[in-house]
There are 4 protein chains.
Amino acid sequence: MSDTTGARARRPRTDAQRNRTHILDVAEQYFSEHGITGSLDAIAKQAGIGPGTLYRHFPNREALLAALLKAREDELVSRHDAIRREVRDSTEALAQWLEALGRWSTAFEGLPEPLRMALTEDTSPLALTCQGYITITDEFLTAAQRDGGARPEVRGRDLFLSVLATSWVRSAAMADESSPLALNALMRTGWAIP
Amino acid sequence: MSDTTGARARRPRTDAQRNRTHILDVAEQYFSEHGITGSLDAIAKQAGIGPGTLYRHFPNREALLAALLKAREDELVSRHDAIRREVRDSTEALAQWLEALGRWSTAFEGLPEPLRMALTEDTSPLALTCQGYITITDEFLTAAQRDGGARPEVRGRDLFLSVLATSWVRSAAMADESSPLALNALMRTGWAIP
Amino acid sequence: MSDTTGARARRPRTDAQRNRTHILDVAEQYFSEHGITGSLDAIAKQAGIGPGTLYRHFPNREALLAALLKAREDELVSRHDAIRREVRDSTEALAQWLEALGRWSTAFEGLPEPLRMALTEDTSPLALTCQGYITITDEFLTAAQRDGGARPEVRGRDLFLSVLATSWVRSAAMADESSPLALNALMRTGWAIP
Amino acid sequence: MSDTTGARARRPRTDAQRNRTHILDVAEQYFSEHGITGSLDAIAKQAGIGPGTLYRHFPNREALLAALLKAREDELVSRHDAIRREVRDSTEALAQWLEALGRWSTAFEGLPEPLRMALTEDTSPLALTCQGYITITDEFLTAAQRDGGARPEVRGRDLFLSVLATSWVRSAAMADESSPLALNALMRTGWAIP
DNA sequence: CATGAATGAGGGTTCATTCAT
DNA sequence: GATGAATGAACCCTCATTCAT
């Protein structure tokens, strides 16, 4: 039905891993197209597996999402390192980090919603991820504040939320593409000291 | 629950009006309690009418929402007038208007979502409402910009979106109550000229 | 898809009742074949309706069962009347009533189970039905006891339970058809005074 | 059962034995708590083994149950011996044996069901066990009948079934605790000759 | 106009059983 | 042997929307 990749023709035991990867591939594609509220069963079907198998790997939507984001974590981490390495100006570093976060949180249509919720409910598999990024944000922010580049009253958590909020605005194929940019600019004016 | 009392036994058209009002009352209450994603069927049932009747009055959830917000329009309009009348400082006027908008857009849990969508899809019954408020925002903004109180590059639409974004963050019973305030402050710092 | 009966070709409003009847017909047949644990969805499908429709009429399995038994209630009630009218001997009357109960409780494979549960959980739609029959049993029993035909220590509830228990034994296509009869005899010896 | 010798105490097979025992321990506990319809997967997980391993030892739920009951066989057998030894009156002996059977068949919530089925389907691993007990019941019964303590038309199989039926009634936490006792009494009156 | 029955895809979830390793 | 991933049918239930009456 969907041996598109040919990755899962037989089912050797190794396919545990292989299947997992395949699911993630399909989910990635599916969420990209239909947003994160798409049907999990549909993903399973498209991956050529039973719903039970999907459920075994990822007990719920958030777990799947978390795994999907995990895959992008590397990207974000290396971006983090790169900024650390290359950007001398701490304010600019913070700005670039926030921009990277913005890209990360717009990976899928509707993603900001569960991310925001994860900040409230610690039970979410996404909570840890978010917390980690807030911490990083705090590091960049502290540096910028120390260097007089960011307002002292701002907190990392607030910046993270602003990023989510901006990403949320960006969602749903905004006709006016300039709005997110405007919001970003507005935000930056908000936390930066000129 | 309160129908069938025989109160609406005779006149044909008055029913429609009374029904409409009743629906709105019930929906107001229901959305307040369960958020805007609650079941429309439940609203109909609670209003003592069939789902078809609800549908006749409001062809979809957004239409119902629009009607509900219409009822709050008066509030917002009079707030608008009051600000116009009483607040001399144009920057402060803009700030107060945005604050009023913020209250308006948090009337129901989850409301920011359809409002944002309404900005994209002009087909939404909410679109008109939003457009009107964007226009008003623009008026206040223009005045503030003319008086040197707001950055010239900012647009009314962007401010409206930031209000929505902040309201969105506020949603879902955020444990940390200070975040929305922080975001508001950040936004204000963003558009204001100190 | 399954206009077997031809009863539901179009869907006039009257079909509410007609559908209900049709569902009951199908369920009757289905439960007869597969036992009461059969799939409700399958019944819906076989009836040519969506699961939602089934659910509207009968919110759960027990409700459906109760409706199905209601249909047999007439049978039992008229049997009750007939016994009252025709059987002079109170002991024989009780015996015949218990026999009628036995037939009633073996209408479907597995039926005794929810009936027994209904005696514990008053929430079950079957509870009322059972209670009613226990009351009738008590009436017959009291008469028999008064006439010295039944042991005084026996209670109607116990007899009802014995009937259920015997029916339970009878279930599942017992190879040895004589066992239920033997149990019935044993039971009768149990409560009767020779 | 077919573990050939018990001499090879050390190497490979010991695991198997130990595992088997462990599974039985866990299953005993699990069935005691959740009734016999609980999830086999859960038992496997709780025993720290894979479902496949469980399946290897016990190809299905009934096999597991049979093994579990086997463990209680000793208890029942020694009860049997004790009755044989100590109870002179054959009628009383039969009564005590039936009581022992009753305790045995209520070891787990829901146990009577598969036991009854085992009487129909000879394929069940429980069938043999049941047959054995029916035979014993027949022995006691024959003795009682010979001594004029039990009605001649009653058969051991019927008594066994009545025990199951009574146990079945007892299940599911009947609110009315007296009912099972009443049923027992009724049954005894049924087979005994006063 | 009001009604409410019908629709039916879709939701998440469970679990006995098989089988590659 | 032991393992545990895979399977996939089946479960019950929800709800926005349509449409005959």
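The chains referred to below are lettered A, B, ... by the order of the sequence lines, with proteins before strands, and numbering in each begins at 1. Remember, predicted model here, so these are calculated numbers, not experimental data.
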Measure from [atom1] on [X] to [atom2] on [N] and round the result to the nearest Å.
| X | N | atom1 | atom2 | result |
| --- | --- | --- | --- | --- |
| B:Leu40 | F:dT17 | CG | C1' | 10 Å |
| B:Ile43 | F:dA16 | CD1 | C1' | 12 Å |
| D:His22 | F:dA2 | NE2 | C1' | 15 Å |
| A:Phe58 | E:dT14 | CZ | P | 17 Å |
| B:Ile23 | E:dC1 | CD1 | P | 13 Å |
| C:His34 | F:dC11 | NE2 | C1' | 16 Å |
| D:Asp41 | E:dT13 | CG | P | 17 Å |
| D:Asn19 | F:dG4 | CG | P | 11 Å |

Selected nucleotide, minimal atom distance to D:Thr53 side chain, candidates E:dT7, F:dT7, F:dT3
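Looking only at heavy atoms from C-beta outward on D:Thr53, the closest nucleotide is F:dT3.
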Check B:Tyr30 against B:Gln46 and note the closest heavy-atom contact, atom names and distance.
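Shortest heavy-atom separation between B:Tyr30 and B:Gln46 comes out as CD1-OE1, 3.4 Å.
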Reading DNA chain E 5' to 3', what string of ( ), [ ], | and . shows its pairs, if Watson-Crick and G-U wobble pairs count only when both distances fall under 3.5 Å?
.||||||||||||||||||||
Side chains of [X] and [Y], heavy atoms from C-beta outward: is any pair under 4.5 Å?
| X | Y | value |
| --- | --- | --- |
| B:Leu119 | B:Leu126 | no |
| B:Leu40 | B:Phe58 | no |
| C:Glu109 | C:Phe31 | no |

When you measure from the side-chain N and O atoms of [X] to the phosphate of [N], is any distance below 4.0 Å, counting only OP1 and OP2?
| X | N | value |
| --- | --- | --- |
| B:Asn60 | F:dA16 | no |
| C:Tyr55 | F:dC12 | no |
| A:Arg61 | E:dG12 | yes |
| C:His57 | E:dA6 | yes |

Determine which pairs satisfy salt bridge (charged side-chain N to carboxylate O under 4.0 Å, His left out) with at least one residue from residues 51-62 of chain D, sequence neighbours left out, and list them in order.
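Residue pairs passing salt bridge (charged side-chain N to carboxylate O under 4.0 Å, His left out), neighbours aside: none found.
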If you assign each of D:Pro51 and B:Gly50 to its closest nucleotide in DNA chain E, which residue comes earlier from the 5' end?
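Mapping each residue to its closest nucleotide by heavy atoms, the 5'-most match is B:Gly50.
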Could you check A:Ser39 against B:Leu54 and say which one's nearest nucleotide on DNA chain E is further toward the 5' end?
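Its nucleotide being nearer the 5' end, the pick is B:Leu54.
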Does the C:Arg116 side chain pair with the main chain of C:Trp168, one donor and one acceptor, at a distance under 3.5 Å?
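The answer is no, because no donor-acceptor pair under 3.5 Å joins these two groups.
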B:Thr37 or A:Gly52: which one's nearest nucleotide on DNA chain F is closer to the 5' end?
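It is A:Gly52 whose nearest nucleotide is closer to the 5' end.
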Looking at residues at least two apart in the chain, or sitting in another chain, which of them share a side chain to side chain contact (heavy atoms under 4.5 Å, CB included) with D:Thr37?
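For D:Thr37, no residue satisfies side chain to side chain contact (heavy atoms under 4.5 Å, CB included) once neighbours in sequence are set aside.
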